[in-house]
Amino acid sequence: QVQLVESGGGLVQAGGSLRLSCAASGRTFSGYVMGWFRQAPGKEREFVAAISWSDSTNTHYRGSVKGRFTISRDTAKNTLYLQMNTLRPEDTAVYYCAADAPRTAGFIVAITTASRAYDYWGRGTQVTVSS
């Protein structure tokens with residue numbers, strides 16, 4: 001069974017940085033898309049960034065984080081990262097790691113921003129940015 005465990009959240013001042021990690025286990029993730037989502041109080045969960053596990057150059061970001069956040073993965077450690085720089089109070093949310101699995105062995109999943117497409121989720125890590 002796939003397990004995703006996030007870490008690295010915390011309290012930071014506006015303009016600061018945090019790096020989130022997501023330790024993935026349970027299977028080989030070749031062909032998967034791994035993503036980060038976030039949910040602020042009273043708001044719907046929203047897409048932040050995603051990466052193709054098999055091709056680290058294949059990434060996608062929501063507009064408001066482009067240029068500030070960087071998604072990456074370490075296949076040897078089976079770990080997904082989200083480097084967050086120049087943080088803003090509006091980045092405050094619980095951040096979730098998610099995995100979108102291929103439906104057929106050997107198939108490579110295309111990146112999607114739709115949360116319903118993701119099959120596995122971590123429990124989240126809180127990020128709070130103070131002004």
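Every value quoted in this text rests on a predicted model; they were computed, and no experiment measured them. Numbers here simply count residues along the sequence, with the first being 1.
For the residue pair S54 and G31, the shortest heavy atom distance occurs at OG-N, 2.8 Å.
V33 is not listed as a side-chain neighbour of T112, based on a closest heavy-atom distance of 4.5 Å or more. Two residues are said to be in side-chain contact when any heavy atoms from C-beta on lie closer than 4.5 Å; V48 and L82 meet this criterion. No side-chain heavy atom of V127 sits under 4.5 Å from any side-chain heavy atom of T92.
The CZ atom of R116 lies 14.0 Å from the CZ atom of R45; values are rounded to the nearest 0.5 Å. To the nearest 0.5 Å, atom OG1 of residue T125 and atom CG of residue L18 are 8.5 Å apart. To the nearest 0.5 Å, the span separating CG on N58 from OG on S52 amounts to 5.0 Å. Going from atom CG of L4 over to atom CG of L80 covers 8.5 Å, rounded to the nearest 0.5 Å.
A salt bridge (Lys or Arg N to Asp or Glu O under 4.0 Å) check over residues 69-83, counting only residues at least two apart or in different chains, returns nothing. For residues 108-131, every residue pair satisfying the ring-ring contact (aromatic ring centres under 6.0 Å, His included) rule, not counting sequence neighbours, is listed here: F37-Y118, F37-W121. For the salt bridge (Lys or Arg N to Asp or Glu O under 4.0 Å) condition, no pair includes a residue of residues 6-33, sequence neighbours left out. Listed by first and then second residue, the salt bridge (Lys or Arg N to Asp or Glu O under 4.0 Å) pairs that reach into residues 7-16 come to none, sequence neighbours excluded. Sorted by first then second residue, the ring-ring contact (aromatic ring centres under 6.0 Å, His included) pairs that include residues 9-30, not counting sequence neighbours, are F29-Y32, F29-W53. Legend: ring-ring contact (aromatic ring centres under 6.0 Å, His included) pairs involving residues 60-81, not counting sequence neighbours, sorted by first then second residue: F47-H60. Listed by first then second residue, pairs satisfying salt bridge (Lys or Arg N to Asp or Glu O under 4.0 Å) with a partner in residues 48-71 read E46-R62, R68-D91, not counting sequence neighbours.
Grouping the Ile, Leu, Val, Met, Phe, Trp and Tyr side chains by contacts below 4.5 angstrom, directly or via other members, places V94 apart from M34.
With sequence neighbours left out, the side-chain hydrogen bond (donor to acceptor under 3.5 Å, both in side chains) criterion links Q126 to T128. T75 is linked by a side-chain hydrogen bond (donor to acceptor under 3.5 Å, both in side chains) to nothing, counting only residues two or more places apart in sequence or in another chain. Judged as a side-chain hydrogen bond (donor to acceptor under 3.5 Å, both in side chains), and not counting sequence neighbours, the contacts of Q83 are N85.
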Show every donor-acceptor pair shorter than 3.5 Å between a side-chain atom in residues 7-14 and any protein atom, with sequence neighbours excluded, or say none if there are none.
none

Under 3.5 Å, sequence neighbours excluded: what are the donor-acceptor pairs made by side chains of residues 96-109?
| from | atom 1 | to | atom 2 | distance (Å) |
| --- | --- | --- | --- | --- |
| R103 | NH1 | A101 | O | 2.6 |
| R103 | NH1 | D119 | OD2 | 3.3 |
| R103 | NH2 | D119 | OD1 | 3.3 |

